[in-house]
Structure formats: structure tokens, C-alpha cells
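Notes follow the structure.
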Amino acid sequence: MYLERHPEQPIHAIYGATELQMLDVDHIITSVDLEKGSFAWISKRSVLQDLQLTDDQFLDACILAGCDYCSTFPMLTSDLMNFNFKMAYDTVRVHGSGYIAVRMFAHHPELLKVRYEDVFCRVKSAMRHHLVMATDGTVQPLTMEQVPR
């Protein structure tokens with residue numbers, strides 16, 4: 001991401017898993033076919049338009065859906081139904097944000113047991129203000145101007 005945003009723009013897209021959409025990466029190469037000399041890519045901007053979500057809402061839905069750093073929002077899982085991303089998407093659409101949805105159930109024993117609200121906030125902050133090593137060797141938040149004071 002740092003190199004994609006760098007003034008010299010040494011790269012224009014990033015190859016990786018679709019989970020990179022949780023970060024502020026617009027062009028993600030999802031597969032490369034060396035034999036055909038082609039690749040497939042997705043644009044986060046297009047995904048956001050199709051889902052009619054803001055970048056912040058999309059990140060909230062991804063966190064609620066579960067990732068390496070945060071388990072799936074307990075209110076979206078039960079023995080009676082199979083989880084899918086649409087459930088996280090609908091939760092964000094109904095409540096306006098993932099944080100509001102989490103706050104609605106803040107006193108639920110399952111959320112208290114895993115300190116879900118705290119974990120949700122930490123993961124969101126880490127995704128929005130993650131650290132990078134700059135070309136000058138310093139370590140700093142990627143979006144220094146947007147870091148909360």
C-alpha cells in the first residue's frame with residue numbers, strides 16, 4: 001500500500017488474497033496465469049459501489065464476518081443457521097456501522113466473555129492506521145494525517 005501511494009508510484013496493484021480489501025487498496029490482483037500471460041483483478045471501488053457501502057462500513061462488515069484478528073460476531077453465528085458474508089453486510093446496513101451493532105449487544109454474555117467490543121475497535125484501528133516502513137527507514141502510520149490524536 002505504501003508503494004502504491006508513493007509519489008513515484010512504483011506499483012499500481014497488489015497481488016494477494018481478497019482480504020486485502022480490508023485495507024485501503026483499490027486494485028488487487030487475485031490470480032495470475034503465466035501460460036496465457038493474463039491476470040484477474042478486482043477494484044475495491046467497484047465492490048463498494050456494488051454493495052452500496054462506504055469504505056468504513058465495508059471494513060466493519062469484514063471484521064464482523066471474522067478474520068485472523070477477530071472472530072465472527074457471535075450474534076451472527078448459531079447452531080440453527082449457516083453463516084455467510086451477507087449476514088455481516090445486512091447487519092452493517094441495518095445499524096449503519098459495525099460498531100453500533102456491537103454496542104447494541106454490548107452486555108450479551110458471549111460478547112463480554114471474549115471482550116468483542118474491545119477487539120473490534122482494536123482491529124479496526126489497526127486496519128485503518130497500520131504501520132509501514134517508509135523508504136527512509138522510519139516506521140510510521142501509513143496515513144499519518146488521519147491518525148487520531
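Numbering of residues begins at 1 and proceeds along the displayed sequence. Computed from a predicted structure; not experimentally measured.
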Q. For K124, which of D60, D118, D55 qualifies under salt bridge (Lys or Arg N to Asp or Glu O under 4.0 Å)?
A. D60
Q: Report whether M104 and V102 are members of the same hydrophobic cluster (ILVMFWY, side-chain heavy atoms less than 4.5 Å apart, transitive linking).
A: yes
Q. How far does CE of M75 sit from CZ of F105, to the nearest 0.5 angstrom?
A. 6.5 Å
(Q) Measuring only between side-chain heavy atoms, which start at C-beta, is I29 closer than 4.5 Å to V32? (A) yes
Q) Which pairs pass side-chain hydrogen bond (donor to acceptor under 3.5 Å, both in side chains) with one or both residues in residues 98-107, sequence neighbours excluded? A) Y99-E117, R103-E117
**Q.** Evaluation steps, side-chain contact (heavy atoms from CB on, under 4.5 Å), between L20 and I14
**A.** CA-CA 9 Å; L20 281 173; I14 298 172; 3.7 Å; yes
Q: Kindly indicate whether the side chain of W41, heavy atoms from C-beta on, has any atom under 4.5 Å from the side chain of T30.
A: no
Q. How about F58 and V92: do any of their side-chain heavy atoms sit closer than 4.5 Å?
A. no
Q) If you round to the nearest 0.5 Å, how far is SG of C121 from CZ of R115? A) 11.0 Å
Q: State, yes or no, whether a side-chain contact exists between K44 and V25 at a heavy-atom distance under 4.5 Å.
A: no
(Q) How close do L76 and A88 get, counting heavy atoms only, and between which atoms? (A) CD1-CA, 3.8 Å
Q: Assess whether side-chain contact (heavy atoms from CB on, under 4.5 Å) is satisfied between R93 and L51, documenting all intermediate values.
A: CA-CA 10 Å; R93 294 286 293 177; L51 294 176; over 6 Å; no
Q) Looking only at heavy atoms, what is the nearest atom pair of I28 and G16, with distance? A) CG2-O, 3.7 Å
Q: Check the pair Q57 / S97 against side-chain contact (heavy atoms from CB on, under 4.5 Å), numbers first and verdict last.
A: CA-CA 6 Å; Q57 289 173 320; S97 82; 5.5 Å; no
Q.
Measuring from atom CG of L131 to atom CE of M133, what distance do you get when rounded to the nearest 0.5 angstrom?
A. 10.5 Å
Q: Write down the atom of I100, the atom of H95, and the distance for their closest heavy-atom approach.
A: CD1-O, 3.6 Å
Q) Are L23 and H130 close enough that some pair of their side-chain heavy atoms sits under 4.5 Å apart? A) yes
(Q) Under a 3.5 Å cutoff, is there a donor and acceptor pairing between the side chains of D56 and T54? (A) no
Q: Flag the pair Q21 / L59 as yes when at least one side-chain heavy-atom distance between them is below 4.5 Å, and no otherwise.
A: no
Q: Work out which heavy atom in L64 is nearest to a heavy atom in Y116; give both atom names and the distance.
A: CA-OH, 3.7 Å
Q) Distance from F73 atom CZ to I63 atom CD1, nearest 0.5 Å? A) 12.5 Å
Q) Quick one: are C67 and M22 in side-chain contact, heavy atoms under 4.5 Å? A) yes
(Q) Looking at every heavy atom in both T72 and A65, which two are closest together, and how far apart are they? (A) OG1-O, 2.8 Å
Q) For F85, does the CZ atom have more than 12 heavy-atom neighbours from other residues, nucleotides or ligands under 6.0 Å away? A) yes
Q.
Run R45 and D26 through salt bridge (Lys or Arg N to Asp or Glu O under 4.0 Å) and show every step you take.
A. CA-CA 6 Å; R45 215 172 301 142; D26 187 41; 2.9 Å; yes
Q. Just checking, is any N or O donor in the side chain of D33 or S38 under 3.5 Å from an acceptor N or O on the other one?
A. no
Q.
For the NE2 atom of H129 and the CD atom of Q140, what is their distance to the nearest 0.5 Å?
A. 14.0 Å
(Q) Within this structure, what is the CZ-OH distance for the pair R122 and Y69, rounded to the nearest 0.5 Å? (A) 15.0 Å
Q. So if you build clusters from Ile, Leu, Val, Met, Phe, Trp, Tyr with side-chain heavy-atom gaps below 4.5 Å, do V94 and M87 land together?
A. no
Q) Between C70 and V123, what is the shortest heavy-atom contact and its length? A) CB-CG2, 3.9 Å
